[in-house]
Protein chains: 2
Amino acid sequence: MDAKQRARYQLRARIIKALAHPSRLFIVDELARGERCVCELTKMVGADISTVSKHLSVLKNAGIVADERRSTQVFYSLKVPCLLNFFGCVEAVVEATAKEQLAACG
Amino acid sequence: MDAKQRARYQLRARIIKALAHPSRLFIVDELARGERCVCELTKMVGADISTVSKHLSVLKNAGIVADERRSTQVFYSLKVPCLLNFFGCVEAVVEATAKEQLAACG
DNA sequence: TGGCTCTTTGGCCATATCGCCAACTAGGCA
DNA sequence: TGCCTAGTTGGCGATATGGCCAAAGAGCCA
C-alpha cells in the first residue's frame, strides 16, 4: 500500500466512519424520507440538541448531508441516496450473524 | 426511537464501524480478489502483524470475513461480497466532495 | 434595542480505539 | 523433545469519540 493508495483509503474510511454511529445511522434513515430540522431530529433521537447538532456536522463534513437555514431553523437533507442500498447489505450481515448464533446455540 | 429500534441501529453501526478504518477497508478490498493469509496482508498493509491480526478479528467479529487455518497459516476470506457495491457509493461521495472543494477554490 | 427560539461551539470527563512491543499458542519438522 | 514460522492476545501510552452543560450566534418580532 503506497502513499497514494493509503490516502485513498483514508478518504473512504472518513466517510464510513461518519456513518458508524447508531444515532447517525438513524438520522440518515430519517433524512431518506425527507428533510428534517435539527429540532425534529433531536426529538426523534432523544439526546441533547447539542449532541445531535454535532452528529449532523459530522455527517455534513463527510459530504453525506446538506444543510439549509430557513429563518430560525436549519433543515438537513440527504445528499447520497445510494447509501440506502448499502443498508440492505448491512442488514444481510446482521441477519447472517443472527442465524449463525442461533445455529451455534443448537 | 424506541429500545427495539435503538438496538437495531446499534447492530448496524457495529458492522459499519468495523469497516471504518483505512487498513480494514484495504483488507476487505484485497479479500474481494481472493483469500489471503495474515502474513500476506501484513506485508501489503505495512504494519505490525499483531496490528493486522487485530484488524482481522474486528472484521471477523462483525461477520464480514471468515477465517480458516491450514497448517501453520490462517486464511481469511470475504463473507459479504455486496459490500463492494457500497464502496462504489463511498467513492461517489469522495468525488462529489472533491468537486465541491475545487469549485469552492474557484 | 430587548427578548425569544433554534442552533452551534467550547469545555470537560468517561470511554474507546490504534499501534507497537512482549509474551503466549498452534502446527510442522528434525 | 527442541526449534522454527505463523498467528493471537495482553498491556501500555497516545489519541479520538461521545455525551452533557454552559455559553455564544443567528434570525425573527415587538
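Hydrogens, waters and symmetry mates are skipped; everything else that's a heavy atom, side chains included, is used. We name chains A, B, ... by the order of the sequence lines, and we start the count at 1 in each one.
- Put simply, Ser50(B) has no side-chain N or O that comes within less than 4.0 Å of OP1 or OP2 on dT8(D).
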Every protein N/O within reach of nucleotides 23-30 of chain D N/O, cut-off under 3.5 Å:
none

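- The shortest non-hydrogen separation linking Leu31(A) to Tyr76(A) is CD2-O, 3.4 Å.
- The backbone N or O of Ala20(B) lies less than 3.5 Å from no partner atom in the side chain of Arg12(A), so there is not a single donor-acceptor pair.
- A heavy-atom distance below 4.0 Å to DNA chain D is reached by these residues of residues 11-21 of chain A, ordered by number: Lys17(A), His21(A).
- Judged by distance alone, with hydrogens and angles left aside, the side-chain atoms of Ser57(B) form a donor-acceptor pair with the main-chain N or O of Lys54(B) at under 3.5 Å.
- For Arg70(B), the CZ atom is densely surrounded, since the number of other residues' heavy atoms within 6.0 Å is greater than 12.
- Along DNA chain C, read 5' to 3', the first and last nucleotides having any atom under 4.0 Å from a heavy atom of chain B are dT17(C) to dG28(C).
- Within 3.5 Å, no donor on the side chain of Lys54(B) pairs with an acceptor on the base of dG7(D), nor the reverse.
- Taking atom NE2 on His55(A) and atom C1' on dT17(D), their separation rounds to 10 Å, with Å as the unit.
- Proximity of a side-chain donor or acceptor of Glu40(A) to a complementary backbone N or O of Cys37(A) within less than 3.5 Å is detected.
- Between Thr51(B) and Tyr76(A), the residue anchored nearer the 5' end of DNA chain C, judged by the nucleotide with its closest heavy atom, is Tyr76(A).
- Results of the side-chain contact (heavy atoms from CB on, under 4.5 Å) test with Arg36(A) over Leu56(A), Leu41(A), Thr42(A), Leu78(A) single out Leu41(A) as the only residue that passes.
- Of the residues in residues 23-48 of chain B, those placing a heavy atom less than 4.0 Å from an atom of DNA chain D are Cys37(B), Val38(B), Cys39(B), in numerical order.
- Using a 4.0 Å heavy-atom criterion, one finds that Phe75(A) contacts no nucleic acid atom at all.
- Among residue pairs with one or both ends in residues 11-51 of chain A, those qualifying as ring pair (Phe, Tyr, Trp, His ring centres under 6.0 Å) are His21(A)-His55(A), Phe26(A)-Tyr9(B); sequence neighbours excluded.
- Considering every non-hydrogen atom in both Lys79(B) and Gly63(B), the closest pair reads CD-O, 3.9 Å.
- Annotation: cation-pi pair Arg69(A)/Phe75(A) absent, no NZ/CZ under 6.0 Å from the ring centroid and within 45° of its normal.
- Side-chain contact between Leu25(A) and Asp29(A) is absent, with no heavy-atom pair separated by less than 4.5 Å.
- Rounded to whole angstrom, the span from the CD1 atom of Ile49(A) across to the P atom of dC20(D) amounts to 12 Å.
- Shown here are the side-chain hydrogen bond (donor to acceptor under 3.5 Å, both in side chains) partners of Thr51(B), two or more places apart in sequence or in another chain: there are none.
- Considering OG of Ser53(B) and NZ of Lys60(B), their distance stands at 9.5 Å, rounded to 0.5 Å.
- In terms of heavy atoms, Ile64(A) sits closest to Ala18(A) at CD1-CB, 4.0 Å.
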